[in-house]
Structure formats: C-alpha cells, structure tokens
Number of protein chains: 2
Amino acid sequence: MVTLAEVAKAAGVSPSTVSYVLSGKRAISEPTRARVEQAISLLGYHPHAGARALAGKRSHIIALVVPLHTDVYVPVMMEIAISVTMAARQFGYDVLLITNDEGPDGVRRVARSGLADGVILMDVQMDDPRIAVLRETGTHSALIGLPRDARGLACVDHDFVRAGRLAAEHLAELGHREVAFIGYPAAVYERHAGYAERTRSGFEEGARQLGLRAVHRPCDGTYESVAGVFTRILADRPGTTGFVVQNEGAIGPLLSLLRAAGRVVPEDASVVALCQEPLAEQFSPRLTAVSGPTRELGTRAVELVMSRLNGDVPDDVTLLTPVLSRRESSGRAPTKVA
Amino acid sequence: MVTLAEVAKAAGVSPSTVSYVLSGKRAISEPTRARVEQAISLLGYHPHAGARALAGKRSHIIALVVPLHTDVYVPVMMEIAISVTMAARQFGYDVLLITNDEGPDGVRRVARSGLADGVILMDVQMDDPRIAVLRETGTHSALIGLPRDARGLACVDHDFVRAGRLAAEHLAELGHREVAFIGYPAAVYERHAGYAERTRSGFEEGARQLGLRAVHRPCDGTYESVAGVFTRILADRPGTTGFVVQNEGAIGPLLSLLRAAGRVVPEDASVVALCQEPLAEQFSPRLTAVSGPTRELGTRAVELVMSRLNGDVPDDVTLLTPVLSRRESSGRAPTKVA
DNA sequence: TTGTATGCGTTATCAC
DNA sequence: GTGATAACGCATACAA
C-alpha cells in the first residue's frame, strides 16, 4: 500500500502538504504542487478510504436501498441505480448497495457505523418504516418516491398523478368515451405503493372530469392474467375503446388479445402505455406512451443528498413532469363499435 | 457517535474486551460477555467502519462492477446484483456498486484505496481490460463470465455451450430438421461477449452433430428487427420448423409473427427460449426454455471472493448446468410444412 | 480470562 | 506557503 507519507517523502515535502494538495483546502505553490502530483502518479497513490473516513468524518459513500420484489419494472430500478452511481461519482462519492431484506435495520446499521454519509431510498411506501430510522438517526437522505408524510424529507419522484391524467386526457381528446386502466398486480396496491395509487387516482380523477367512463383493473404480468382482465373488461363494458397499461408485462399480451379479438390498433382501439420510451418503441404498432425522465430521478436524488451533506436542509419535494409521446397505437375513437 | 470506548466504560471493562466480544477472537467469560452485549444494544453501538478498516486492514466491502449497456437482459443483472449483496451480508460484507463507465480505472481505484477487499466483475468480455488491473493489483476477485484466459482467476458462469446444445438436442429429438437461432444484437457478438458466442457455438456444434440444418441470426429487440430476421429466415429456409431465441425482447414479436404467418405453435413450429423461467411462463403458449440458476451465480461469486480473502487461491472455473424445461411451445415437427 | 499500549493513514489545528 | 502533530476509533500484540 502506498501511503501519503511515502508520497510526501518522494516529493520532499511534509505529509500535510500532500494532504492539502489533494483536498485543495489551502494554497500551494505551483512548483511543490507539481512535485507532489508527479510523486502521486508515479507511485500510483490512492488515499486509504478508511483512514480518510476516520480522520475526515466522511466516508464519501452513500447507501442506496433497493427493493427486493420484482413486480416493479426492473430495468427502471437498474437505470436509477446506475444513474445514482454515476452522479455520485461526480461528487467523489461511491454507492453502497443495500437490499431491503435487512429492512429498516439496514439503514440504521449503515448510518450508525459511519459507513455511509447519506442514504437514498428507492421504492418508498406511503408509510415507510425506514423513514422513522432516518429521522431517529438524523441521517442525510433523499427518497425516490413520495411518502404520506414528507415533512423534513427530500423527495423526488415522477408526477404519477399527472401521468395518469395525461393518459386520460389523450384518450378523451381522441373522442374515446369508455376507457380501461390495466394496472399493476393487486399486491402492489395492497402495500400502498405510492406510484401505483397516484397514477390510478390521476387517471380516475382526470377521466371523471372529462366525462369518461373508466374502470381500473389490477393485473399480473402473465398472459392468462391479462386475458382474464381483458375478457372481463369487454364483458362488462363492450364499448371500451381506450386502454391504458401501466404493467409493462401486460403490454405484449394486451396487443395480442386485441388482435385476436379482431380489434385493430389504433382504428378500433387505442392503447396508451405508461412506460419508458425504448420499451414503447419495441412494440408493433409503436406505442403512444407517457414517461418521465428516469435517470434524472437518480441524479436529483444524489444532488439532494449532497446539498444536505453541505448543510442545506430544506424540505424538498420534486415531482418530475411526465410527457406523452404520441405514436401509432392511439387514434380517434371509432364512430361505431363492433 | 457511540464508540467502543464508551461501550467499554458502560460495561465496566476495557476497550479490548469489547473488541474481542465483537470479533470472537478470544474467549470471554459468560458474565462479561453478557454485560458487554447489553451495553452495546443499550447504547446502540455500531463499530465505525472506517476505523475498523484502518485498524483491521479489511474494509468488509466488496465491489461489484456492473455493465452499462442495456442489451443484456437487465432483470438478470439486477437479480445477480441482489443475490451478491445478500450473500455478501452473510459474510458480514457490504457491496459497493461500480459502473463500468470508469473502466479499468474504477477497479484500480477501489482496490488501491482499500475501499474494497475484493471485486466481482459482471459481464466479463473474452479479453477484458479489467482483468489486467486485477492481476496488476493482486486484487482478490471473482468473475461472473468466462474470459479467454482464466489462469489464476476464479470464474463462475452458466454453461452456455451446454445451453445451446440442449436447445438443439431438444428440437432434434422432436424431429425438427431445419432450425434457426435468433440471437442478441450484432453489437453483442462484435464485442465478443462470451455468453453470446458460447451459446451460439454450443447450438451450432450440437446441430451439426445431430444432422440439423441450422442458421444463426443476430437480432435487436425491436419488432421490426425480429420481423426482418424472421422474414429472411423463412425466405432462405422455408422448411424451418424450430426456433431458438436468446434475445428476450425478440420472444414476443416472434410469437406474434408466427401467428400472423399462420404457423401455430407448437403444431407447425416449435420455439425454445433461452431465458429465465418466470419469463417463459408469461407467454402464451408457455415457452419451453433453457435456463440456469441465476441467483447461484451471485452467491458462488461471493463465496469465491471470500475464500480468496481467506488465503485459498485455487484456479476455479465453475460452469453451472442449465436445464431445459419443456412447456407448451415445443412439439413434434410437422410431417409436412405448408 | 482480562487489561494496556501501539499503530493503522488520514485530516486539521497550530505554529512558523 | 509549509511543517509538526494531535486526534479519529478500532484491532491486536504484548502483559498480567
């Protein structure tokens, strides 16, 4: 292991000088800085993380708590994790991955041990038990998601209410009168996942105001589940011409089922997906979709934690605005239904 | 911050005793152990990670290097990351997430700074530049994947050659004579991703030995791409009755295209997917699939790193055996093709 | 079975 | 603009 002391000796300066060259916390003459930097790269010196954490009272690590369950769309989680990691590096921080199987204790452990300077929580529930730990330990944090009580917390999330409303508005503008929402598995609503409930309420509220008849149906990702839901919707509301899908796994099956039912998209039925653009592009026809800036969720969360580490502690709830991209799967409502 | 010294005072013992109670590295009488443990939980003590790393020469952290590109099936990556994290916790280790945008330097930084005691590399290329860094720094590591030169390295991966062969064998047994392999995007083969090349060679070799006529086609995940590949296959080899798909995004489109072409699965054409069981279950018909134990990839990698941290340094290449689960998408080859 | 003392590699305070 | 030096909190060799 190359130490700071060795660098100092090689450069012919004191250890403190090397430290200050690295931290930039005091003025260094150009010649000495050059000598020190040369010695550093010559010896391949990297400061010892543990020593730095001990002396500097900062580990330069933030913890990212990821959910275990797989009923959220996994690629989105991964994209967030990666954007968090890359954003953190911009601040000289690394990211520690914590799985939620440790529960709130994981947060406590990481905070109390000084392993992490801050914590980012993903998949935040309306009443999330981890939040109590954040408050109790006074841990700097940012939440990706929106809990019921966000006082004193920094949160960032998609504006799911808006997303749901956008989908309803789009269908209404196209003249659809009866619309159906195919949602996440029932379990997701049962554990009160905010994103699911908020999308639903935005959609239903929007539909109501626009005079649409709307139904909402939870749905697993399997073909059978979608088939069951689809059949039931058409039985209950044969006049349904607009479909909104939030469960990514249900998109493919829904398109197949519409085709099998002889309903051509978008002539006979319109489909609006609530999903990422790349996914929407993969289907045929390409899907009109409502989506938000996923990576920004991660970068914003990191920025929030960083500003809190620097002493700023404003309440902060940021909702990122989703946009609707119109593609081939939505069109004017048919004048007459089969 | 609660320190070990405070715990010692509270329990009426010396600091070293507290330390030894925690590490279990020397015998402690039952009464004092009890007093110490009580003090620990009373004060909510957690050892300071940095101090521990500094004094103990071990950070109790392993780094996991994840790929950036999204052309590998992301849920599998996530599952590995989670299984690595959970397995590491069993050994008292945490996991640091490193994205590959730092390249080999990320590995160097983490190893040289003592931030991590070991490294797990995901998505290992045939000639992976990160491996040189592992060798140069003498870092304890495990690779998920199989590089060209694995000397001195611990590797674990699916036996993709076997997986490809299994798919070919299954189709051969069912009487298919002309088969097509729909693979990953061309870019994946161009960067010589081992899993892609090995699956392909296992499939082609197996097909050859079994007297099958086989074609292999790279394919993007988009509907258009699959349609193009599918059309070309049928044009070149109208007698093709067996399809093997490795690109998860291509599965849905392929099934749609077969249906549109009037080919009923499995009566007119058989489909074998190389994917995880849950995904295979989602389609209709449920897919016959070849899959390997994904989570075990993570746990094995962790075990390999841990044993190396303890001084064992055997060359070790473990290939996990995939299995074929027969479902509804494969059946006897049609006696006559339309 | 327990206590004492030293050192790990930084940061930051004080002095020059 | 630079150099000593005292923490930081823990692990462990050495003593008892």
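Reckoned from all heavy atoms, side chains included, excluding hydrogens, waters and symmetry mates. In what follows, chains carry the letters A, B, and so on, assigned in the order in which the sequence lines appear, proteins first and then strands, with residues in each chain numbered from 1.
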Subject >> OP1 or OP2 of D:dC8 under 4.0 Å from side-chain N/O of A:Lys57 >> reply: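 Checking D:dC8 against A:Lys57, no side-chain N or O comes under 4.0 Å of OP1 or OP2.
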Subject >> side-chain N/O B:Ser23 vs D:dT12 OP1/OP2, d < 4.0 Å >> reply: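 So the side-chain polar atoms of B:Ser23 never come under 4.0 Å of the phosphate oxygens OP1 or OP2 of D:dT12.
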Side chain of [X]: nearest nucleotide among [options]?
X: A:Leu54; options: D:dC8, D:dG1, C:dT10; result: D:dC8
X: A:Ile28; options: C:dC8, D:dC10, D:dT2; result: D:dT2
X: A:Ser16; options: C:dT1, C:dA12, D:dC10; result: C:dA12

Original post:
Between the base of C:dT1 and the side chain of B:Arg26, is there any donor-acceptor pair under 3.5 Å?
Top reply: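 It does not, because no donor-acceptor pair links the side chain of B:Arg26 to the base of C:dT1 below 3.5 Å.
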**OP:** Taking only Lys NZ, Arg NE, NH1 and NH2, and the carboxylate oxygens of Asp or Glu, determine whether B:Glu6 and B:Lys9 approach each other closer than 4.0 Å.
**Re:**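 Salt bridge flag = no for B:Lys9 with B:Glu6.
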Subject >> Salt bridge flag under 4.0 Å for residues B:Glu136 and B:Arg112 >> reply: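 Judged by the 4.0 Å cut-off on N to carboxylate O distance, B:Glu136 and B:Arg112 do form a salt bridge.
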Can you measure [X] atom [atom1] to [N] atom [atom2] for me and round it to whole angstrom units?
X: A:Leu115; N: D:dG9; atom1: CG; atom2: P; value: 15 Å
X: A:Tyr20; N: D:dT5; atom1: OH; atom2: P; value: 15 Å
X: B:Leu4; N: D:dC8; atom1: CG; atom2: P; value: 14 Å

Subject >> Candidate pair A:Ile80 and A:Met122, rule side-chain contact (heavy atoms from CB on, under 4.5 Å), full reasoning >> reply: CA-CA 9 Å; A:Ile80 294 175; A:Met122 288 180 64; 4.0 Å; yes
Original post:
How would you label the contact of B:Ser19 with the nucleic acid (heavy atoms, under 4.0 Å): base, sugar-phosphate, or nothing?
Top reply: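 The answer is base, as B:Ser19 lies within the cut-off (heavy atoms under 4.0 Å) of a base atom.
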